[in-house]
Amino acid sequence: NGVHCCDICGKRMKPGEFDVLDDGRERCSECTSTAITKVSQLKKLYTKTRKQMEQTFDIKLQKHIKIKTCNAIKIAEAYGETFKPTPAYDVRPLGFARTVLRDIHIENGATELDTMKTLVHEMTHIWQYSNLDASLLDQSQENKVLREGMAVWAEVQFLASVGMKDRSDDYSDYSAS
């Protein structure tokens with residue numbers, strides 16, 4: 001039908017009003033204007049987000065967490081999936097944490113806000129594996145609710161803590177209270 005949606009924010013786009021990234025994702029001009037495109041931007045955002053997260057939740061995260069960027073194809077491969085871009089908004093994971101290696105892989109080209117949310121989500125997983133009983137974190141479906149529910153809760157609370165309660169409302173199934 002010729003309709004394209006931004007793979008970052010979901011907004012409908014007209015032909016010529018978007019960029020096509022190397023993995024086929026489509027990004028609107030608004031998201032392009034706020035995209036994290038340089039390693040220096042990511043490092044600065046990581047440092048700021050980590051500090052705010054530790055203050056918000058009164059926690060200490062492991063030192064030496066490595067942050068890397070990669071495209072949607074590489075992230076999908078880490079989940080045993082295949083990323084196939086379409087003109088519609090493509091639902092996909094935006095990052096992953098390897099808890100043993102203490103590294104986080106974040107989708108490149110996302111906005112500052114989306115990168116921050118993904119950092120919080122993945123740093124929560126690093127914290128979980130460092131501080132909770134390992135039997136609660138196995139790959140069973142029952143424990144997925146704990147692992148992913150806590151990571152999404154952390155995103156919502158973090159957004160509210162940095163004055164973005166309106167964006168925390170994007171998670172309609174969760175409360176930021």
Side-chain angles (χ1 to χ4, degrees), residues 7-10 25 31 34-36 41-81 83 89-177:
D7 283 313
I8 308 299
C9 71
R25 287 176 292 147
C31 287
T34 61
I36 300 293
Q41 291 173 303
L42 180 61
K43 285 182 179 181
K44 184 177 178 181
L45 183 61
Y46 164 71
T47 300
K48 174 184 163 186
T49 303
R50 179 186 173 117
K51 182 178 179 183
Q52 181 67 36
M53 188 175 172
E54 287 179 331
Q55 290 173 348
T56 298
F57 300 116
D58 193 23
I59 61 170
K60 283 289 180 200
L61 293 164
Q62 286 182 344
K63 294 183 180 188
H64 310 297
I65 298 172
K66 297 175 195 150
I67 307 298
K68 301 176 181 183
T69 62
C70 53
N71 64 30
I73 294 168
K74 295 289 183 192
I75 292 175
E77 287 173 359
Y79 285 93
E81 300 172 2
F83 174 73
Y89 174 79
D90 296 312
V91 176
R92 66 204 178 277
L94 302 177
F96 63 91
R98 295 188 304 180
T99 55
V100 173
L101 297 174
R102 287 184 292 198
D103 63 0
I104 294 174
H105 297 248
I106 302 281
E107 186 177 84
N108 62 4
T111 63
E112 181 175 326
L113 178 63
D114 289 309
T115 302
M116 186 184 330
K117 289 177 358 184
T118 304
L119 282 167
V120 169
H121 186 103
E122 300 306 336
M123 283 191 286
T124 299
H125 289 315
I126 299 274
W127 181 89
Q128 288 171 322
Y129 280 86
S130 298
N131 293 281
L132 299 179
D133 182 343
S135 68
L136 297 174
L137 301 170
D138 68 26
Q139 296 302 309
S140 70
Q141 189 61 35
E142 299 84 27
N143 290 340
K144 182 177 182 179
V145 173
L146 171 65
R147 286 188 322 274
E148 294 303 324
M150 184 176 186
V152 170
W153 176 87
E155 287 180 59
V156 173
Q157 297 301 321
F158 183 85
L159 288 171
S161 78
V162 296
M164 301 183 115
K165 181 159 180 2
D166 57 324
R167 287 305 303 266
S168 69
D169 290 342
D170 291 350
Y171 300 87
S172 60
D173 292 339
Y174 300 90
S175 170
S177 58

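Just so it is clear, the values below take in all heavy atoms, side chains as well, and ignore hydrogens, waters and symmetry mates.
Residues that satisfy the ring pair (Phe, Tyr, Trp, His ring centres under 6.0 Å) test with Phe83, not counting sequence neighbours, are absent from this structure. Partners of Lys144 according to the side-chain contact (heavy atoms from CB on, under 4.5 Å) rule, which considers only residues two or more places apart in sequence or in another chain, are Gln141, Arg147, Glu148. Under the rule for a side-chain contact (heavy atoms from CB on, under 4.5 Å), the partners of Thr124 that lie at least two apart in sequence or sit in another chain are Met53, Val120, Gln128, Met150, Ala151, Ala154. A search for salt bridge (Lys or Arg N to Asp or Glu O under 4.0 Å) contacts involving Glu81 returns nothing, not counting sequence neighbours. The side-chain hydrogen bond (donor to acceptor under 3.5 Å, both in side chains) test applied to Gln52 returns Thr56, not counting sequence neighbours. Arg50 meets the side-chain hydrogen bond (donor to acceptor under 3.5 Å, both in side chains) test with Tyr46; sequence neighbours excluded. Lys43 meets the salt bridge (Lys or Arg N to Asp or Glu O under 4.0 Å) test with no other residue; sequence neighbours excluded. By the salt bridge (Lys or Arg N to Asp or Glu O under 4.0 Å) test, Arg98 is found to be paired with Asp103, residues two or more places apart in sequence or in another chain being considered. Checked against salt bridge (Lys or Arg N to Asp or Glu O under 4.0 Å), Glu107 has the following partners two or more places apart in sequence or in another chain: Arg25, Arg92. Thr34 is linked by a side-chain contact (heavy atoms from CB on, under 4.5 Å) to Thr111, counting only residues two or more places apart in sequence or in another chain.
Under a 3.5 Å cut-off, the side chain of Asp7 and the backbone N or O of Asp90 do form a donor-acceptor pair. The backbone N or O of Ala97 lies less than 3.5 Å from a partner atom in the side chain of Glu122, making a donor-acceptor pair.
Separation of atoms NE2 (His121) and NE2 (His125) is listed at 3.0 Å; rounding is to 0.5 Å. The line from CD1 of Ile36 to CD1 of Ile106 is 10.5 Å long, rounded to the nearest 0.5 Å. Separating the CD1 atom in Ile8 from the CG atom in Leu113 is a distance of 11.5 Å, to the nearest 0.5 Å. One distance of note links OG1 of Thr118 with CD1 of Ile104; it measures 10.0 Å at 0.5 Å rounding. Taking CD1 from Ile126 and CG from Leu101, the interatomic distance works out to 9.0 Å, rounded to the nearest 0.5 Å. Here Asp114 contributes atom CG and Glu112 contributes atom CD; the two are 10.5 Å apart, rounded to the nearest 0.5 Å.
Pairs of residues two or more places apart, or lying in two chains, that qualify as ring-ring contact (aromatic ring centres under 6.0 Å, His included) and include a residue from residues 89-117 are Phe96-His105.
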Next item on the list: Begin with the C-alpha distance, continue with both residues' side-chain angles, and end with the deciding distance and a verdict on side chain to side chain contact (heavy atoms under 4.5 Å, CB included) for Lys44 and Lys48.
Entry: CA-CA 6 Å; Lys44 184 177 178 181; Lys48 174 184 163 186; 5.7 Å; no
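The shortest heavy-atom contact between Ala35 and Gly109 is CB-O, 3.6 Å. Residue Thr49 comes nearest to Met123 through the heavy atom pair CG2-CE, 3.8 Å, listed as atom of the first residue, atom of the second, then distance.
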Residues 57-77 side chain polar contacts: donor-acceptor under 3.5 Å, at least two apart:
from  : atom 1 : to     : atom 2 : distance (Å)
Gln62 : NE2    : Ser130 : OG     : 2.6
Asn71 : OD1    : Ile73  : N      : 3.0
Asn71 : OD1    : Lys74  : N      : 3.0

